[in-house]
Protein chains: 2
Amino acid sequence: MSKCEQCIIKQFNSLKALTKDELVRISGCKTSRIIKKGEIIFDEGETLNGVFCVKEGICKLSKLSENGKDQIVKMVVKGQLLGQRSLISEEASNLQAIALNDMEVCFIPKSEIFADLQKNSKFSFEVLKDMAHDLRDSDDIIVNMAQKSVRQRLAETLVYIRDSFGTNPDGTLSVLLSREDYANIVGTATESAIRVLSQFKKEKLISTVGKYIKIEDLAGLKRVE
Amino acid sequence: MSKCEQCIIKQFNSLKALTKDELVRISGCKTSRIIKKGEIIFDEGETLNGVFCVKEGICKLSKLSENGKDQIVKMVVKGQLLGQRSLISEEASNLQAIALNDMEVCFIPKSEIFADLQKNSKFSFEVLKDMAHDLRDSDDIIVNMAQKSVRQRLAETLVYIRDSFGTNPDGTLSVLLSREDYANIVGTATESAIRVLSQFKKEKLISTVGKYIKIEDLAGLKRVE
DNA sequence: AATAAAACATGACAGATATCATATTTAATT
DNA sequence: AATTAAATATGATATCTGTCATGTTTTATT
């Protein structure tokens with residue numbers, strides 16, 4: 001099994017603040033896991049006994065609303081930590097995590113994380129900064145949800161996915177989402193998401209290559225009202 | 001000037017994790033301030049050089065959206081800290097804070113907070129828990145915004161305000177908000193908020209005493225669809 | 001390859017909400 | 001007390017979005 005102290009992934013998250021000794025210790029009790037596309041990593045209401053460090057792949061974090069629809073709240077990609085919020089507040093998870101493609105994650109037990117939060121203030125400050133960042137993102141999402149149209153939100157989502165998760169060599173968005181996923185990010189009906197995407201296509205803002213979406217007119221998408 | 005180590009307010013926020021010595025030190029460099037209703041505590045884009053500990057009163061945190069409307073993202077009341085997110089991420093504030101009634105706050109300089117975050121892991125863990133809690137709240141708000149009707153959101157807002165900020169002796173909500181404020185919490189047009197509140201009144205879910213709102217049928221409000 | 005199931009697409013329509021217009025009431029200012 | 005400004009209220013209308021129905025395409029399964 002690969003060792004945390006040599007893993008490059010940690011450079012991208014709070015674990016970079018840990019000392020070599022701490023990493024060695026964590027390495028000794030972490031477990032690696034392969035998760036298939038579509039698989040549930042953890043469910044809403046489940047108690048997390050640690051955090052996941054995402055080595056490969058991407059997943060969606062969603063919450064079931066009372067009307068039976070999933071709302072995607074965040075996406076977590078290679079390099080990031082998963083489950084830290086619930087771990088810290090010591091509550092059951094308020095979100096469900098599902099892999100959007102094949103993933104590789106390392107599971108680090110709660111006891112290790114808590115020990116390091118106690119001892120290493122640099123580490124806890126990194127986690128704090130991470131969380132502060134998430135909180136700012138959430139504020140933006142709230143404002144968008146409240147004040148913008150479905151058309152605007154979907155356009156922004158496409159740009160966001162491009163900026164955050166990148167594109168394939170042919171220019172298509174590297175993250176493959178179903179129309180239902182798009183609807184669940186934007187907070188609209190699946191039919192509405194489909195309709196708006198069709199419109200974007202007609203307006204030459206995007207094109208599709210198989211199931212993949214390609215942004216053809218980035219400036220145009222950003223201008224959508 | 002009153003002393004932090006004797007102040008009861010700190011019991012309600014992360015400052016309770018500080019040692020007596022740390023509190024004495026903070027006490028020495030904090031500044032107390034009275035803020036009048038309607039006054040701006042800090043503005044969007046402003047750099048915060050510390051946090052505010054709210055000794056009395058309540059304020060709203062809002063963000064201006066591109067269409068020129070304010071979205072209220074959170075309310076901060078007596079006992080809570082204000083501005084911690086921006087301080088930690090060392091960015092300009094993404095929110096504006098305005099007093100909803102006369103307030104008394106203590107300002108604690110950034111250097112003090114940072115020093116304690118470095119030294120006192122119990123303190124930084126408390127801040128972490130606070131932030132984790134806020135993040136969970138934000139998730140809930142996102143889901144509500146995306147999936148619920150204006151009517152539902154407004155009903156929930158009234159219940160939330162009752163539960164979080166309490167009532168006056170006559171049963172009216174102790175926090176006095178304009179119809180525009182309600183609209184800015186719910187994320188709707190002021191006219192729509194007014195209309196829905198009028199309906200609630202007709203349906204005997206609420207009543208008004210002057211400018212104050214009284215919840216007459218709590219169960220009914222919770223049942224609103 | 002055939003069949004079933006899921007995902008995508010589009011039309012028709014109803015309902016929710018925003019916008020604009022205009023009163024009316026309440027609060028602030030002179 | 002008179003005047004002005006702000007907040008509240010309500011109607012009319014247009015627009016956006018959700019829902020239901022139906023058809024097509026793509027993917028999975030036998």
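Order of the sequence lines sets the chain letters (A, B, ...), proteins ahead of strands, with each chain counted from 1.
Of the side-chain N and O atoms in A/K211, none sit less than 4.0 angstrom from OP1 or OP2 of D/dT27. A sub-4.0 Å separation between OP1 or OP2 of C/dA9 and a side-chain N or O of A/R179 is present. Residue A/T190 places no side-chain N or O under 4.0 Å from the OP1 or OP2 atom of C/dA7. Checking the phosphate oxygens (OP1, OP2) of D/dG18, no side-chain nitrogen or oxygen of A/K69 falls inside 4.0 Å.
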Extract from the structure each pairing of a protein N or O with an N or O of nucleotides 20-24 of chain C at less than 3.5 Å, listing the distance.
residue: C/dC20; atom: N4; partner: B/E191; partner atom: OE2; Å: 3.4

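For A/A146 and A/S198, each mapped to the nucleotide of DNA chain C holding its nearest heavy atom, the one lying further toward the 5' end belongs to A/S198.
Closest to the side chain of B/S192, from the set C/dA7, C/dA27, C/dA18, is C/dA18. Here C/dT17 is the nucleotide among D/dA9, C/dT17, C/dA9 with the atom lying nearest to any side-chain atom of B/T188. The side chain of B/A189 approaches C/dT19 more closely than any other nucleotide in the set D/dT17, C/dT19, C/dC8.
Residues A/D170 and A/K214 are not paired through a salt bridge, judged by the lack of any N-O separation under 4.0 Å between the basic side chain and the carboxylate.
When the C1' atom of C/dC8 is taken as reference, atom CG of A/D181 falls 14 Å away, rounded to whole Å. Regarding B/N67, its CG atom lies at a distance of 11 Å from the P atom of C/dA18, rounded to whole Å.
Between B/F42 and B/F52, the two ring planes are parallel [angle under 30°; tilted spans 30° to 60°].
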Would you mind writing out the side-chain donor-acceptor pairs for residues 76-87 of chain B within the sub-3.5 Å range, not counting sequence neighbours?
residue: B/Q80; atom: OE1; partner: B/V77; partner atom: N; Å: 3.1
residue: B/Q84; atom: NE2; partner: B/D130; partner atom: OD2; Å: 3.1
residue: B/R85; atom: NH1; partner: A/A132; partner atom: O; Å: 3.0
residue: B/R85; atom: NH1; partner: B/S89; partner atom: OG; Å: 3.3
residue: B/R85; atom: NH2; partner: B/E91; partner atom: OE1; Å: 3.4
residue: B/R85; atom: NH2; partner: B/N94; partner atom: OD1; Å: 3.2

Could you tabulate the donor-acceptor pairs under 3.5 Å formed by side-chain atoms of residues 147-156 of chain A, not counting sequence neighbours?
residue: A/Q147; atom: NE2; partner: B/Q71; partner atom: OE1; Å: 3.0
residue: A/K148; atom: NZ; partner: A/N144; partner atom: OD1; Å: 3.1
residue: A/K148; atom: NZ; partner: A/E156; partner atom: OE2; Å: 2.7
residue: A/K148; atom: NZ; partner: B/E66; partner atom: OE2; Å: 3.1
residue: A/S149; atom: OG; partner: A/Q152; partner atom: N; Å: 3.2
residue: A/R151; atom: NH1; partner: A/E203; partner atom: OE2; Å: 3.2
residue: A/R151; atom: NH2; partner: A/E203; partner atom: OE1; Å: 3.0
residue: A/Q152; atom: OE1; partner: A/S149; partner atom: N; Å: 3.3
residue: A/R153; atom: NE; partner: A/V186; partner atom: O; Å: 3.1
residue: A/R153; atom: NH1; partner: A/K148; partner atom: O; Å: 2.9
residue: A/R153; atom: NH2; partner: A/V186; partner atom: O; Å: 2.7
residue: A/R153; atom: NH2; partner: A/G187; partner atom: O; Å: 3.2
residue: A/E156; atom: OE1; partner: A/N144; partner atom: ND2; Å: 3.2

